[in-house]
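Side chains are part of it too, since the values below use all heavy atoms of this structure and drop only hydrogens, waters and symmetry mates. Whatever order the structure lists ligands and atoms in, that order sets their numbers, starting from 1.
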Amino acid sequence: MYDYDLLVVGSANADLVIAVERRPGPGETVLGSGLAVHPGGKGANQAVAAARLGGRTALLARLGHDPYGRLLLDSLRTSGVDTVGVLVGGAPTGVALITVDPSGDNSIVVAPGANALLTPDDVRAAASLFHASRVVSAQLEIPLETVVEVVRSLPPDTRFVLNPSPPRPLPPEVLAVCDPLIVNEHEAKVVLGDSCVSAEPSDWARLLLAKGPRSVVVTLGAEGALVASGGGTVRVPPVEVRAVDTTGAGDAFTAALAWQLGTGASLGEAAAYAARVGAAAVTRQGAQESFPTEAEVAAL
Ligand code: RIB
């Protein structure tokens, strides 16, 4: 009945990555490794991750008419993502400046470029993609009003998954349809705002649920994840691996979870599978290049 298991609406960036021993403080200069350029962006990353796992995946995004845009289109198409919804032009392709430290942790600054020009009109013009998709996912590297239009464009039986990254307070209209809302600690605190009064992740999950989502997943890095819904809270154990580069691992987690939900998995099952996908992604460098196939997840 559906042409796509997952429609991702979101950003696409060229990732300019430098490995550093430590990050500079204010006014300080440090030397890093040579510069690597990778295809990235939270939206494109999700789309590539789902397609590499075998999901029939489409992306609605905007790129610049430039070499970075071509890098992204190549990566999307090679991975099997349907790029019929990828718009080109209006501004340069988004760029992310990324430092990765020896523990694999990253810091990211994004110049949105063409991502900022993905408009509510673009969403309305892509109505046929929404009707052809079992699950729709989004993030927040595109304008919030575009995400609001995504929510308004959802067909009644289409499930919506949101990772509010980079985080900002969310309108009730968006929160109400998230199933799940997927947040890490930092994102949970921003979405909760003043109502975040506890250091306990299970409290964040409970308080977030009270804000309206149908379900919530709190990712806890090396501690695993928490899955919360009206039926209660379940802990998803971590998958132990040696981290090389965590860039894009959260995007791989979200994509795997969204795709699994579309195949009929329960939220707990989908989160446990997604934890394996996210773990596999941190064992290799880069974002999209690090995402595993289904066979690689099974072998983990
Ligand atoms: O989540 C990782 C991604 O964040 C990177 O690929 C970078 O482009 C930024 O969007």
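- Polar contact check, D15 against ligand 1: a nitrogen or oxygen pair lies under 3.5 Å apart.
- Judged by distance alone, the side chain of T293 and the main-chain N or O of L53 form no donor-acceptor pair under 3.5 Å.
- The shortest contact between atom 10 (O) of ligand 1 and any protein heavy atom is with E141 OE2, 2.6 Å.
- The closest side-chain donor-acceptor pair between D122 and T119 falls under 3.5 angstrom.
- Listed by number with element, the atoms of ligand 1 under 4.0 angstrom from any heavy atom of A96 are 7 (C), 8 (O).
- For atom 1 (O) of ligand 1, the closest non-hydrogen atom of the protein is D251 OD2, 2.7 Å.
- Tested against N163, the residues K42, Q139, E187 include a single side chain to side chain donor-acceptor pair (under 3.5 Å) partner, E187.
- If you check which protein heavy atom lies closest to atom 4 (O) of ligand 1, you get K42 NZ, 3.0 Å.
- Distances between N or O atoms of V110 and those of ligand 1 include no value under 3.5 Å.
- Ligand 1 has G248 within reach: a non-hydrogen atom of the residue lies less than 4.0 Å from it.
- Judged by distance alone, the side chains of N184 and T219 never bring a donor and an acceptor atom under 3.5 Å apart.
- In terms of protein heavy atoms, atom 3 (C) of ligand 1 is closest to N45 ND2, 3.7 Å.
- When each atom of ligand 1 is checked for a heavy atom of G40 under 4.0 Å away, the hits are 6 (O), 8 (O).
- Contact annotation: S11 has no heavy atom less than 4.0 Å from any atom of ligand 1.
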